[in-house]
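Naming convention: chains lettered A, B, ... in sequence-line order (proteins, then strands); numbering from 1 in each chain. A quick note: this is a predicted structure, and the numbers were derived from the prediction, not measured.
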There are 2 protein chains.
Amino acid sequence: MIDTDELLSIRAAELYYEENKTQDEIGTLLRLTRWKVGRLLAQAKASGFIRIEIVHPRARRLSVERRLREATGLTDAIVVSSAGVASDEELQSRTAQAAADYLTGLRPVPRTLGISWGRTLHEVALHLKQGWAHGVNVVQINGGVSLNRRAGTAAATAVNIAHKAAGAATLLPSPAILERLETKQAIESDRAVAAVLNLATAASAYLFSAGQADENSALVDSGYLTVEQVAELVRKGAVGDIVGRYIDSNGNIVDPELDGRTVGIQLEHLRQAKTAIAVIAGGSKHAIARAIVGSGLCTVLVTDEDTALAILGDEA
Amino acid sequence: MIDTDELLSIRAAELYYEENKTQDEIGTLLRLTRWKVGRLLAQAKASGFIRIEIVHPRARRLSVERRLREATGLTDAIVVSSAGVASDEELQSRTAQAAADYLTGLRPVPRTLGISWGRTLHEVALHLKQGWAHGVNVVQINGGVSLNRRAGTAAATAVNIAHKAAGAATLLPSPAILERLETKQAIESDRAVAAVLNLATAASAYLFSAGQADENSALVDSGYLTVEQVAELVRKGAVGDIVGRYIDSNGNIVDPELDGRTVGIQLEHLRQAKTAIAVIAGGSKHAIARAIVGSGLCTVLVTDEDTALAILGDEA
DNA sequence: TGGAATCTTGCTCATCTGAGCAGTCGGGCG
DNA sequence: CGCCCGACTGCTCAGATGAGCAAGATTCCA
């Protein structure tokens with residue numbers, strides 16, 4: 001009987017959703033009352049036999065967002081759908097778009113926005129529309145790329161975002177990581193750099209991404225770290241970096257010595273920020289995303305469905 | 001504006017389907033009238049952004065069935081959903097189940113059912129429930145397996161189906177293909193064999209599957225044909241076999257000489273049958289399925305979604 | 001076997017939704 | 001400049017649907 005009911009609910013669902021017949025008609029066809037049909041349909045939905053998917057690059061997964069907010073205490077969560085996505089690039093592009101949308105709708109509009117740099121942030125900048133805000137000043141919160149061909153992308157991102165919001169960009173004129181602690185301290189005490197760091201500390205909102213801890217890290221690409229150094233960090237428990245600082249799965253600094261040579265705001269500062277928006281997408285960033293959210297490094301997370309589910313622990 | 005509308009329709013769809021809010025509530029949230037929301041939703045559906053799938057082993061695709069009936073003139077078409085299917089075995093099992101269901105519901109109940117044999121038919125027999133009908137006699141319509149370890153499955157299938165319907169099974173005591181034409185003629189003129197063939201010709205309904213033309217064919221497995229012989233048939237245009245007879249994509253016999261040595265009812269007879277149910281599943285049988293349906297060799301097709309779409313020419 | 005507890009069924013009623021229609025807006029053309 | 005056509009909007013109204021309820025069926029013990 002229970003088996004018969006299940007089969008009936010499937011037949012009813014077919015007629016209802018595929019043939020869009022009315023519950024009444026289905027009742028006639030299946031020799032049931034329309035109430036029974038309604039109940040079968042409800043049962044089919046409850047059992048998860050009916051899957052409704054919104055297939056669109058800008059579709060979000062509100063139910064996952066809600067679960068994330070409830071499970072983690074995030075102020076806000078934006079989860080883009082992975083439905084019908086072929087490549088990781090597509091996923092990152094969708095997520096960047098969503099971050100741009102979120103930033104555009106953010107109220108109150110931040111007077112000063114602290115940003116990191118990287119491929120993701122660059123893409124967010126691209127997706128922002130001219131005039132997305134008026135008079136938002138942008139300040140870099142960690143040392144930029146300056147060692148090789150990538151020189152300038154960090155600056156470009158900040159300038160781009162500021163420009164589109166009719167605001168000014170303040171760049172942090174410093175490498176991300178210095179070789180010697182003394183050099184780092186010297187740079188930080190330089191008046192120009194110190195001023196930028198002060199501004200960064202006073203930002204009304206932060207926007208940043210994160211990097212996975214492997215040979216494809218942006219810090220390796222930029223020449224700040226070697227593949228071997230990253231491997232060593234992984235051995236020590238690193239899952240990825242955020243504003244240039246490597247953390248483990250609990251959100252703790254993995255290598256204090258290295259961290260001491262890294263220029264930018266402190267993680268503690270991010271933890272206390274009122275608005276800290278993390279934008280993280282892609283299969284390789286599940287671990288770092290989980291670490292960031294788990295240790296309260298952001299108040300808002302913009303990510304893709306798979307990453308969100310990984311954070312929630314629903315391995316699918 | 002058109003872009004804005006699309007985005008709005010996605011937002012509305014999220015709220016409607018994921019959060020199941022009422023159109024009214026969505027209207028309030030999005031600052032729209034509820035009629036506008038209704039229209040956005042309709043638009044989202046029409047644009048195909050909303051995909052509703054019924055995920056269940058016994059789910060059917062009624063819309064595809066209808067298209068198939070209309071496009072081919074089949075009396076009936078049963079198409080099982082491929083949603084969430086991992087393996088070809090799963091697909092074949094679902095299809096066999098559907099065939100069993102169809103047979104059980106078939107009206108008028110056939111007095112005599114002519115069947116072929118093979119993995120698919122065997123599985124259909126397994127899925128039939130004890131007492132699926134009362135007093136249906138089963139007769140084999142083509143020569144059975146008898147050369148090797150598989151001996152007996154053909155007979156078992158027929159006996160099983162008949163037994164579960166409280167009827168009698170009549171076996172065709174002959175190999176499928178004979179080496180010499182004379183032997184075949186001799187066998188056919190044997191009184192016992194001729195009687196069975198007569199009975200087969202008079203069956204009120206037929207149920208059969210089909211085999212693809214490659215080295216995995218059941219006829220190769222059973223030792224009736226060698227891999228080389230099948231390869232040769234393919235060269236001549238064979239796409240598969242039905243009741244032991246190889247046909248090309250137009251439904252014509254590929255090798256008349258071979259066909260002359262094959263024991264069983266004629267294809268012409270199947271073409272004229274009032275009820276001829278073909279059960280065909282799996283990616284490797286698209287070509288033979290298309291040939292059978294295209295040349296009117298069956299009046300009812302039970303198959304999987306992918307095969308059905310292949311027949312319709314919607315390469316997905 | 002009796003009887004209570006639970007589940008199922010068919011119903012009423014309130015709400016939700018889609019079809020169709022008239023008023024309104026905007027843009028193109030005389 | 002004004003008129004007309006088409007698209008869009010908000011509405012009425014009827015049909016479709018879900019919540020809640022009471023009666024009937026079923027189960028499960030004692």
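- Nearest to the side-chain atoms of R39(A) among the listed nucleotides dT17(C), dT9(C), dG18(D) stands dT9(C).
- Computed from coordinates, the K21(A) NZ to dG15(D) P distance equals 18 Å when rounded to whole Å.
- Using modelled atom types and a 3.5 Å distance limit, the side chains of E18(A) and S63(B) yield a donor-acceptor pair.
- Between the CZ atom in R290(A) and the CG atom in L301(A) there is a gap of 12.5 Å [rounded to 0.5 Å].
- Considering only heavy atoms from C-beta on, D76(A) stays 4.5 Å or farther from T299(A) through its side chain.
- Residue R34(B) contributes atom CZ, which lies 12 Å from atom P of dG10(D) at whole-angstrom precision.
- Side-chain proximity of K36(B) to dC16(C), dT9(D), dC21(D): nearest is dT9(D).
- Atom CG of L41(A) and atom P of dA19(D) are 12 Å apart (whole Å).
- Map G38(B) and T33(A) each onto its nearest nucleotide of DNA chain C; the residue landing nearer the 5' end is T33(A).
- Taking atom OH of Y17(B) as the reference point, atom C1' of dT17(C) lies 11 Å away to the nearest angstrom.
- We find that CH2 of W35(A) is positioned 17 Å from P of dA23(D), with the value rounded to whole Å.
- A straight line from CG of L15(B) to C1' of dC16(C) spans 16 Å, rounded to a whole angstrom.
- The nearest heavy atom of DNA chain D to L32(B) and to E25(A) marks one nucleotide each, and the one closer to the 5' end goes with L32(B).
- Nearest nucleotide to the Q23(B) side chain, out of dA16(D), dT17(C), dA19(C): dT17(C).
- The CG atom of N137(B) sits 7.0 Å away from the CZ atom of R111(B) when rounded to the nearest 0.5 Å.
- D304(B) and T307(B) share a donor-acceptor pair across their side chains, judged by distance under 3.5 Å alone.
- Contact check, T22(A) against dG15(D): no side-chain N or O comes under 4.0 Å of OP1 or OP2.
- Separating the OH atom of Y16(A) from the P atom of dT17(C) is a distance of 10 Å, rounded to the nearest angstrom.
- Rounding to whole angstrom units, CD of residue Q43(B) and C1' of dG18(C) are separated by 16 Å.
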